[in-house]
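Okay, structure first, notes after.
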Amino acid sequence: MGQSKVKNITKKQNSFITKDLLKLFGSLVLFILFLLPNYIWAGIQCLTQKPRDIRGKVVLITGAAGGLGRQLALSFHRLGARIVCVDVNGAGNDLTGEMIRAEGGTAVTYTVDITDRENVRQMHGVVKDALGSVDVLINNAAVVLSNIYVNRESDDLVKDIVNVNLLAQFWMNKEILPSMLERNSGQIVAISSVASLIGHHSLTAYSASKWGVTGMMEALDQELKLLGSDIVVTTVCPYFFDSDVSKSVTKNSLSKLSLNATCDSIVDGILKNKKIFTVPSKMYLLVILFRILPSKSQYSIFKILGSSFRYKKSDYETLKKYQRKELVVTAVNDL
């Protein structure tokens, strides 16, 4: 009787294995027949597609007071676009506008707290009166600061990061998207981060906010397809690049990208209507390879090639309090 049960169990196990093999074979056939040609065609389009003409279009950029935002504003202006500069930093934002106008371009500047829904609404009304409908919205504004997850003194920082990096993008998109839908034309761009594809210690709030942005944009793209809309959705995931903001946060084992090179790649991807891409482009493949590794191997790579942070005093004290092995911190400052 016992041997009979064993035989029945063995038969069932063999049956499950056979079904799994058939499913795997079916998936491979499906990939070859349907998916692989699409990937090949997408690759051909990527290599042959030329950037579209942006002359005369209205491009609104948040976080335009400096760094990447200013560089994007200058780049799109030099391609003939009319620029709307938005930032909570009025002085830096106005300077960006002055730089564009000094080169003979068209730029208007607005000092706005984009985490405030009503402020965003009022700003959009003024923009439409000044330049007309927004053709390209680039959500660039972000807070990039390190924090230790369990440090209670960082609660306000977490709120600031989530509000600026994620919630403000909701308000900007929800305000401007309806006018694009009415015209069935436009592009929404999110400057996300490689940290939205791989979570990084000491950047818990930042990583969470950027994962939220990337997920939001993917869901928005599907909703637009549900509506049959021609509006383009683009998500950019850059690696750490050389800017005032990133310098205040981290040192990298891998060299940072230059601000100009990062900007050039982003502008090219936007004008080619890419759905999602990393800067540099090879980073996307590295992320895929990284994510299939065991978690311990991932952490080992982080220790070798990852980033080191300038922690606030309270963050460093939190790390020391809970550590159970040697704590490796190569940059500690009381910010």
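Model, not experiment: these values are computed from the prediction. Values reported hereafter were calculated over all heavy atoms of this structure, with side chains retained and with hydrogens, waters and symmetry mates removed.
Minimum interatomic distance between Asn147 and Asp315 (heavy atoms only, all atoms of both residues): CA-OD2, 3.7 Å.
Ion pairing of Arg117 with Glu175 is present here, as a side-chain N (NZ or NE/NH1/NH2) and a carboxylate O approach within less than 4.0 Å. Between Asp155 and Lys159 there is no salt bridge, since no side-chain N of the basic residue sits under 4.0 Å from a carboxylate O of the acidic one. One finds no salt bridge joining Glu317 and Lys320 here, because no Lys/Arg side-chain nitrogen approaches an Asp/Glu carboxylate oxygen to under 4.0 Å.
Contact check for Ile266 versus Val279: side-chain heavy atoms found under the 4.5 Å cut-off. By the 4.5 Å heavy-atom criterion applied to side chains, Arg70 and Met99 are counted as neighbours. Residues Ile188 and Thr234 fail the side-chain proximity criterion, which asks for heavy atoms closer than 4.5 Å. The shortest side-chain heavy-atom distance between Val108 and Cys85 does not fall under the 4.5 Å cut-off.
Checked by atom type and distance alone, the side chain of Arg101 never pairs as donor or acceptor with a backbone atom of Thr106 at under 3.5 Å. With hydrogens and angles disregarded, a donor-acceptor distance shorter than 3.5 Å links the side chain of Ser196 to the backbone of Ser193. Counting only distance, with no hydrogens or angles, the side chain of Ser154 and the backbone of Asn151 share a donor-acceptor pair below 3.5 Å. Gln187 contributes a side-chain N or O that, together with a main-chain N or O of Ile270, makes up a donor-acceptor pair within less than 3.5 Å. One N or O on the side chain of Thr62 and one on the backbone of Ala141 form a donor-acceptor pair closer than 3.5 Å.
In this structure, the separation between CD1 on Ile191 and CD on Gln169 is 8.5 Å, given to the nearest 0.5 Å. Taking OG of Ser202 as the reference point, atom OH of Tyr149 lies at 14.0 Å (rounded to 0.5 Å). Rounding to the nearest 0.5 angstrom, the gap separating the CZ atom in Phe76 from the CG atom in Leu79 is 7.0 Å.
Linking Ile, Leu, Val, Met, Phe, Trp and Tyr whenever their side-chain heavy atoms come within less than 4.5 Å puts Phe240 and Leu286 in one cluster. By the criterion of side-chain heavy atoms lying less than 4.5 angstrom apart, applied directly or through intervening Ile, Leu, Val, Met, Phe, Trp or Tyr residues, Leu74 is grouped together with Val136 in one hydrophobic cluster. Note on Met283: it clusters hydrophobically with Leu259, by side-chain heavy-atom contacts below 4.5 Å among ILVMFWY residues. When hydrophobic clusters are built by joining Ile, Leu, Val, Met, Phe, Trp and Tyr residues whose side-chain heavy atoms come closer than 4.5 Å, directly or via intermediates, Met216 is not grouped with Val143. Cluster annotation: Ile138 is not connected to Leu60 through the hydrophobic network of ILVMFWY side chains, with a link wherever side-chain heavy atoms come within less than 4.5 Å.
Thr115 and Asn163 form no side-chain donor-acceptor contact under 3.5 Å, judged by distance and modelled atom types alone.
Both tests pass for Lys274 against the ring of Phe277: distance under 6.0 Å to the centre and angle within 45° of the axis.
Among the candidates Thr235, Val233, Leu72, Val236, the single residue satisfying the side chain to side chain contact (heavy atoms under 4.5 Å, CB included) test with Val189 is Val236.
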